[in-house]
Amino acid sequence: MKKIFKNMLLALMLMISMLSCNKEELFAEPTLEVVDPKEDPDEETDTNLPCNFTLDNVEPNSTIIIDCLLDLKGQTVNLPANVTIEGKGGDIINGTINFSEGNNVIDGNLLSSNLTITGNSPHLKDPVFKFNPKRWGIVEGVTTSENAQKNNDILESSMKMAKELGVTTFQIDKMDAYFEVSKVTSTTTNRNFYPSEEAVNVPSNFTLSMGENVHLRVQPNSSSDYALLALRDVSNARVEGGNLHGDRLNHDDSKGVGNSGHVIMIHGSNNIDIDNVRMINGTGDGLNINSIGFTFEAGYIPSNNIRVTNNTLDSNRRNNISITDGFNILIDSNNFLNAGIDLPNSKGVAPGFGLDVEAVRRRDTNGEFILYEKAYNITLSNNIEKGSKYGAFIVAIGEDVTIENNTTENSINIADGSGVKILNNEITAKPGDTAGAGIITGHPDSTTASNNIISGNTINGYTVGIAVYTRENEIYNNKIINFVTGVQPKNVKDINIYKNTFESNLSNSVGIFGNITSMDNVKIYENNFVKTGREGIKMVMVNNEVEESNNKVIIDNNDFKQSSITISRTKNVDFINNTSKKISLLDAQLINLYKNTIDGDGNHAIEILSGCRDIDISENVISVTGNNNCVYQPLGSVNIFIDKNDCSGQAAN
């Protein structure tokens with residue numbers, strides 16, 4: 001009626017204008033403004049108005065406009081080839097449309113749970129499909145397990161349907177719903193529970209795009225193993241936006257602490273993007289990346305070419321991200337918050353890191369490793385970490401991992417990683433929280449951690465700046481400030497420490513401290529600058545065991561001029577070409593002090609105390625004041641060689 005009335009009114013106005021104009025105007029071509037019905041605020045389509053036509057006699061190659069409510073009344077309508085159905089504010093309900101062969105097209109706005117499409121699946125008019133949860137029967141808000149399972153089925157089947165209709169991007173603008181992911185739904189004889197199958201699955205060659213008002217939530221359960229959203233054995237898929245919630249705050253722990261309930265799982269998939277998603281409160285990890293099967297199994301499928309960017313991962317119970325298997329993985333520009341922390345009625349569980357690379361391996365009866373999983377070629381860059389329970393990032397077991405340009409308040413660690421590069425990170429301890437080390441490379445029992453690089457990092461406020469274990473580490477161009485110990489080597493071999501800056505005003509601070517340890521082929525050289533409250537170098541009980549008799553520590557060409565040096569109960573150290581304050585030797589053996597510049601600074605410049613033997617002090621430039629000696633040598637030392645030193649002040653004893 002509105003259209004008829006408007007047309008009559010328009011004709012009447014035109015007649016009046018023609019009667020009132022002059023002769024030229026009378027024969028002028030009238031100009032009519034064409035109004036787009038979508039832009040006319042007075043034009044409202046009544047989608048409840050029944051259509052006055054059916055689809056019974058549709059011709060091939062025709063276009064059908066749906067601007068009314070077309071009720072199929074439970075019937076199946078068979079359409080010929082090359083039919084296009086366009087939605088203009090109307091709807092099709094209560095039936096099935098069966099398309100014949102041909103290039104058929106249907107408007108995605110007409111799809112809903114009330115319409116079934118069969119036959120030769122048409123393509124949608126637009127490859128971007130906007131999912132309206134109300135049209136598809138999603139139950140929003142707190143609900144039952146049964147309804148949450150229906151939500152799971154609806155969302156997953158809707159994505160599958162959309163893909164079959166040619167959709168490449170599945171958009172959800174607003175939704176807040178729970179999803180049941182803890183129950184076996186398989187109807188086959190194999191009734192085992194597989195978390196990534198029971199999750200909401202995203203298909204291959206597909207983008208799930210969610211707005212900021214989209215919340216997918218795990219239906220609270222008692223399972224220790226689940227995934228809310230999964231990409232299982234798929235390729236070329238993307239998940240972007242939205243808020244994904246685990247059930248940590250409402251999880252039933254009566255069957256044991258849940259630590260494998262993940263918010264997103266990437267399971268044996270390749271070319272995957274996870275971008276701008278919030279993953280919070282998982283009972284396990286926020287994101288878990290792993291393989292289908294183990295490396296030695298015929299069906300092994302690793303995850304490959306994974307990009308995780310611009311996400312926020314917060315308060316997941318175990319780790320915010322775990323990578324157990326995969327390669328070519330980029331983790332960039334994410335926020336890692338509060339990993340593994342304790343929450344009311346939900347204690348965090350170990351490891352408690354923002355990110356953990358943790359491939360699984362076991363030793364066989366011969367002591368050889370069996371690699372169940374492999375994690376390698378991983379880059380972790382430009383991320384921010386705060387509030388993790390035990391540490392920011394760790395390579396527990398992994399290879400060729402680069403950790404670069406991140407800002408953290410907790411430590412970065414290597415356990416049994418090889419080929420790990422920790423580069424250009426800002427690691428700043430929380431005020432008042434100075435325990436532990438800013439960077440840890442290896443652990444006392446590491447046997448496979450090697451070939452690692454620590455460079456360009458700024459470490460501020462930790463008790464220990466860098467704790468170094470194992471072998472083959474390059475440590476250079478780092479700035480370590482406000483520490484008790486700058487670098488602490490422990491049971492190390494083939495370590496190079498050079499071009500670092502150590503600055504701490506703490507009265508007990510030491511630049512490099514080797515304590516009760518083995519140090520073999522360790523070089524501290526090339527312009528390390530050390531300014532500390534106490535010693536620049538301190539060696540206590542280093543290389544004392546019989547099997548360490550051939551070990552060597554070389555300290556060459558460093559600036560310790562604002563710090564003293566202590567070498568106590570230690571063997572096999574060459575201290576050459578350095579500048580320093582006083583040097584104290586106690587029960588030290590096989591020590592060479594050669595071509596150094598030493599300022600006693602109100603003390604004896606070199607003290608050779610009891611128990612020393614086989615000491616060579618040659619060609620040093622030494623200065624003292626007052627009654628102090630350039631070389632102070634009381635009784636109790638053996639085979640002390642002092643030669644060609646330039647002593648300014650009192651002559652050597």
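FYI, side chains are in, hydrogens and waters are out, and symmetry mates aren't considered; it's all heavy atoms of this structure.
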Student: Return yes if some donor-acceptor pair links the side-chain N/O of Thr207 with the main-chain N/O of Thr169 below 3.5 Å, else return no.
Tutor: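 No; zero donor-acceptor contacts below 3.5 Å.
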Student: Is there a donor-acceptor contact under 3.5 Å from the side chain of Asp364 to the main chain of Ile370?
Tutor: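 Flag not set: sc Asp364 to bb Ile370 has no pair under 3.5 Å.
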Student: When you compare the side chain of Ile272 with that of Val234, does any pair of heavy atoms fall below 4.5 Å?
Tutor: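 Val234 vs Ile272: side chains touch.
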Student: Got a sec, which residues hit ring pair (Phe, Tyr, Trp, His ring centres under 6.0 Å) with Tyr226, two or more places apart in sequence or on another chain?
Tutor: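 Testing Tyr226 for ring pair (Phe, Tyr, Trp, His ring centres under 6.0 Å), a comparison that skips the adjacent residues, returns none.
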Student: Considering all heavy atoms of both residues, which atom of Asp285 and which atom of Ser322 are nearest to each other, and what is their separation?
Tutor: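 What the structure gives for the nearest pair is OD2-OG, 2.9 Å.
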Student: Listed by chain and number, what are the ring pair (Phe, Tyr, Trp, His ring centres under 6.0 Å) partners of Tyr469, not counting sequence neighbours?
Tutor: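 Scan of Tyr469 (ring pair (Phe, Tyr, Trp, His ring centres under 6.0 Å), adjacent residues dropped) gives none.
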Student: Is Asn345 atom CG crowded by more than 12 heavy atoms from other residues, nucleotides or ligands, each under 6.0 Å away?
Tutor: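 Not more than 12 within 6.0 Å, no.
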Student: One pair to check against side-chain contact (heavy atoms from CB on, under 4.5 Å): Ser315 and Asn281. What are the steps and the verdict?
Tutor: CA-CA 5 Å; Ser315 300; Asn281 288 331; 3.5 Å; yes
Student: Other residues, nucleotides and ligands only: do more than 12 of their heavy atoms fall within 6.0 Å of CD on Glu297?
Tutor: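 Yes - once you tally the heavy atoms of other residues, nucleotides and ligands closer than 6.0 Å, there are more than 12.
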Student: Would a distance-only check, ignoring hydrogens and angles, find a side-chain to backbone donor-acceptor pair under 3.5 Å from Asn425 to Asn406?
Tutor: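 Yes; judged by distance alone, with no hydrogens or angles, the pair exists.
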Student: If you look at every heavy atom in Val468 and Thr441, which pair is closest and at what distance?
Tutor: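 Closest approach of Val468 to Thr441: CA-OG1, 3.4 Å.
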Student: Looking only at heavy atoms, what is the nearest atom pair of Lys183 and Phe193, with distance?
Tutor: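 Minimum heavy-atom contact is N-CE1, 3.8 Å.
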Student: Taking the side chain from Asn320 and the backbone from Leu313, do they hold a donor-acceptor pair closer than 3.5 Å?
Tutor: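 Checking the backbone N and O of Leu313 against the side chain of Asn320, a donor-acceptor pair under 3.5 Å is found.
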Student: Compute both the distance and the angle, then confirm whether Arg363 meets the cation-pi test with Phe369: under 6.0 Å from the six-membered ring centre, within 45 degrees of the axis.
Tutor: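 Yes, cation above the ring, under 6.0 Å and within 45°.
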Student: Quick one: CG on Asn109 to CD1 on Ile92, what's the gap to the nearest 0.5 Å?
Tutor: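 Answer rounded to 0.5 Å: 11.5 Å.
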Student: Answer yes if the side chains of Asn271 and Ser235 hold a donor-acceptor pair under 3.5 Å, and no otherwise.
Tutor: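 Per modelled atom types, Asn271 and Ser235 side chains form no pair under 3.5 Å.
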Student: For a quick test of reading the model, state the closest non-hydrogen atom pair linking Glu140 to Asp176 and the distance between them.
Tutor: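 Nearest pair, atom of Glu140 first, then Asp176: OE1-N, 2.7 Å.
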Student: Only counting residues at least two apart or in another chain, list the ones meeting salt bridge (charged side-chain N to carboxylate O under 4.0 Å, His left out) with Glu409.
Tutor: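 Once residues adjacent in sequence are excluded, Glu409 has no partner under the salt bridge (charged side-chain N to carboxylate O under 4.0 Å, His left out) criterion.
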Student: Which heavy atom in Gly348 sits nearest to a heavy atom in Arg248, and how many Å separate them?
Tutor: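 Nearest pair, atom of Gly348 first, then Arg248: N-NH2, 3.5 Å.
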Student: Can you tell me if Glu197 and Asn201 form a side-chain donor-acceptor pair at under 3.5 Å?
Tutor: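 Note: Glu197 and Asn201 side chains miss the donor-acceptor criterion.
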Student: Can you tell me which residue pairs pass the ring-ring contact (aromatic ring centres under 6.0 Å, His included) test with a partner in residues 243-265, sequence neighbours excluded?
Tutor: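 Only His215-His245 qualify under ring-ring contact (aromatic ring centres under 6.0 Å, His included).
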Student: For side-chain contact (heavy atoms from CB on, under 4.5 Å), just list the numbers for Asn98 and Val77, CA-CA rounded to whole Å, side-chain angles, deciding distance to a tenth of an Å, and then say yes or no.
Tutor: CA-CA 6 Å; Asn98 181 55; Val77 177; over 6 Å; no
Student: Is the closest side-chain heavy-atom distance between Gln219 and Thr143 below 4.5 Å?
Tutor: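 With C-beta onward as the side chain, the pair touches.
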Student: Is the number of heavy atoms from other residues, nucleotides or ligands within 6.0 Å of NZ (Lys163) greater than 12?
Tutor: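 It does: Lys163 NZ has more than 12 such atoms within range.
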Student: Of the non-hydrogen atoms in Arg232 and Ser196, which two are nearest, and what is the gap between them?
Tutor: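 Taking Arg232 first and Ser196 second, the nearest heavy atoms are NH1-OG, 2.7 Å.
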Student: List the atom pairs, with distances to 0.1 Å, where a side-chain N or O of residues 387-404 and a protein N or O form a donor-acceptor pair under 3.5 Å, not counting sequence neighbours.
Tutor:
unit_1 : atom_1 : unit_2 : atom_2 : d
Ser388 : OG     : Glu385 : OE2    : 2.8
Ser388 : OG     : Gly391 : O      : 3.4
Lys389 : NZ     : Asp342 : OD1    : 2.9

Student: State the CG-CD1 distance between Asn457 and Ile466, to the nearest 0.5 angstrom.
Tutor: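 Atom-to-atom, Asn457:CG and Ile466:CD1 are 6.5 Å apart.
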Student: Can you confirm whether the side chains of Asn305 and Asn328 place a donor and an acceptor under 3.5 Å from each other?
Tutor: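 Short answer, no.
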Student: Take Leu55 and Leu70 through the test side-chain contact (heavy atoms from CB on, under 4.5 Å) and record every step on the way to the result.
Tutor: CA-CA 9 Å; Leu55 302 179; Leu70 181 59; 3.7 Å; yes
Student: Can you name the salt bridge (charged side-chain N to carboxylate O under 4.0 Å, His left out) partners of Arg471, sequence neighbours left out?
Tutor: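 Residues passing salt bridge (charged side-chain N to carboxylate O under 4.0 Å, His left out) with Arg471: none at all.
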Student: Mark yes or no for whether Ser100, through its side chain, and Leu79, through its backbone, hold a donor-acceptor pair below 3.5 Å.
Tutor: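 Yes; at least one donor-acceptor contact below 3.5 Å.
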Student: Would you say that Leu231 contacts Ile264 through its side chain, given a criterion of any heavy-atom pair below 4.5 Å between the two side chains?
Tutor: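 Side-chain contact under 4.5 Å: yes.
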Student: Going from CG on Leu110 to CD1 on Ile93, what distance comes out if it is rounded to the nearest 0.5 angstrom?
Tutor: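 Taking CG in Leu110 and CD1 in Ile93, the distance rounds to 12.0 Å.
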Student: For the backbone of Thr309 and the side chain of Asn311, can you confirm whether one donor and one acceptor N or O come within less than 3.5 Å of each other?
Tutor: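 Indeed, once roles are kept as given, a pair shorter than 3.5 Å links the two residues.
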Student: Taking the side chain from Asn104 and the backbone from Val83, do they hold a donor-acceptor pair closer than 3.5 Å?
Tutor: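 Such a contact is found between Asn104 side chain and Val83 backbone.
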Student: Rounded to the nearest 0.5 Å, what's the gap from CG on Asn316 to CD1 on Ile321? Could you check?
Tutor: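 So the CG of Asn316 and the CD1 of Ile321 are separated by 9.5 Å.
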Student: Could you walk me through whether Asn243 and Ile280 pass the side-chain contact (heavy atoms from CB on, under 4.5 Å) check?
Tutor: CA-CA 8 Å; Asn243 304 273; Ile280 61 177; 5.9 Å; no
Student: Using a 4.5 Å cut-off on heavy atoms from C-beta on, say whether the side chain of Thr118 contacts that of Ile97.
Tutor: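 Heavy-atom side-chain distance check fails, nothing below 4.5 Å.
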Student: At what distance, to the nearest 0.5 angstrom, does CD1 of Ile439 lie from CD1 of Ile422?
Tutor: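 Here the interatomic distance stands at 5.0 Å.
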Student: Okay, side chain of Ser291, backbone of Gly268: is any donor-acceptor separation there less than 3.5 Å?
Tutor: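 No, because the side chain of Ser291 does not come within donor-acceptor range (under 3.5 Å) of the backbone of Gly268.
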Student: Side chains of Ser145 and Glu180: donor-acceptor distance under 3.5 Å anywhere?
Tutor: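 Yes - a donor-acceptor pair under 3.5 Å links their side chains.
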Student: Please check if any side-chain donor atom of Glu198 sits under 3.5 Å from a side-chain acceptor atom of Thr185, or the reverse.
Tutor: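 On atom types as modelled, these side chains qualify, holding a pair under 3.5 Å.
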Student: For a 4.5 angstrom cut-off between non-hydrogen side-chain atoms, does Met159 reach Pro203?
Tutor: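 The answer is yes, as the side chains (C-beta and beyond) meet within the 4.5 Å cut-off.
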Student: Working to the nearest 0.5 angstrom, can you tell me the gap between Ser333 OG and Asn276 CG?
Tutor: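 It is 11.5 Å, given to the nearest 0.5 Å.
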Student: Looking at Asn383 and Ile331, would you say the former's side chain and the latter's main chain have a donor-acceptor pair under 3.5 Å?
Tutor: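 Answer holds: yes.
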Student: So do the side chains of Leu72 and Thr96 get within less than 4.5 Å of each other, counting heavy atoms only?
Tutor: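 No - every pair of side-chain heavy atoms lies 4.5 Å or more apart.
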Student: With side chains defined as the heavy atoms from C-beta onward, is the minimum distance between Met175 and Leu216 less than 4.5 Å?
Tutor: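 The answer is yes, as the side chains (C-beta and beyond) meet within the 4.5 Å cut-off.
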Student: Any ion pair linking Arg278 and Asp314 (charged N to carboxylate O, less than 4.0 Å)?
Tutor: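 Salt bridge flag = no for Arg278 with Asp314.
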Student: Heavy-atom count check: over 12 atoms from other residues, nucleotides or ligands less than 6.0 Å from Glu212 CD?
Tutor: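 No - once you tally the heavy atoms of other residues, nucleotides and ligands closer than 6.0 Å, there are 12 at most.
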Student: Quick check against the 3.5 Å criterion: does Asn424 have a side-chain atom that pairs as donor or acceptor with the backbone of Asn405?
Tutor: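 Checking the backbone N and O of Asn405 against the side chain of Asn424, no donor-acceptor pair under 3.5 Å is found.
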Student: In the structure I gave you, are the side-chain heavy atoms of Leu165 and Pro122 within less than 4.5 Å of one another anywhere?
Tutor: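 A side-chain contact under 4.5 Å exists here.
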Student: Over 60° means perpendicular and under 30° means parallel, so tell me whether Phe170 and Phe206 are parallel, tilted or perpendicular.
Tutor: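 Tilted.
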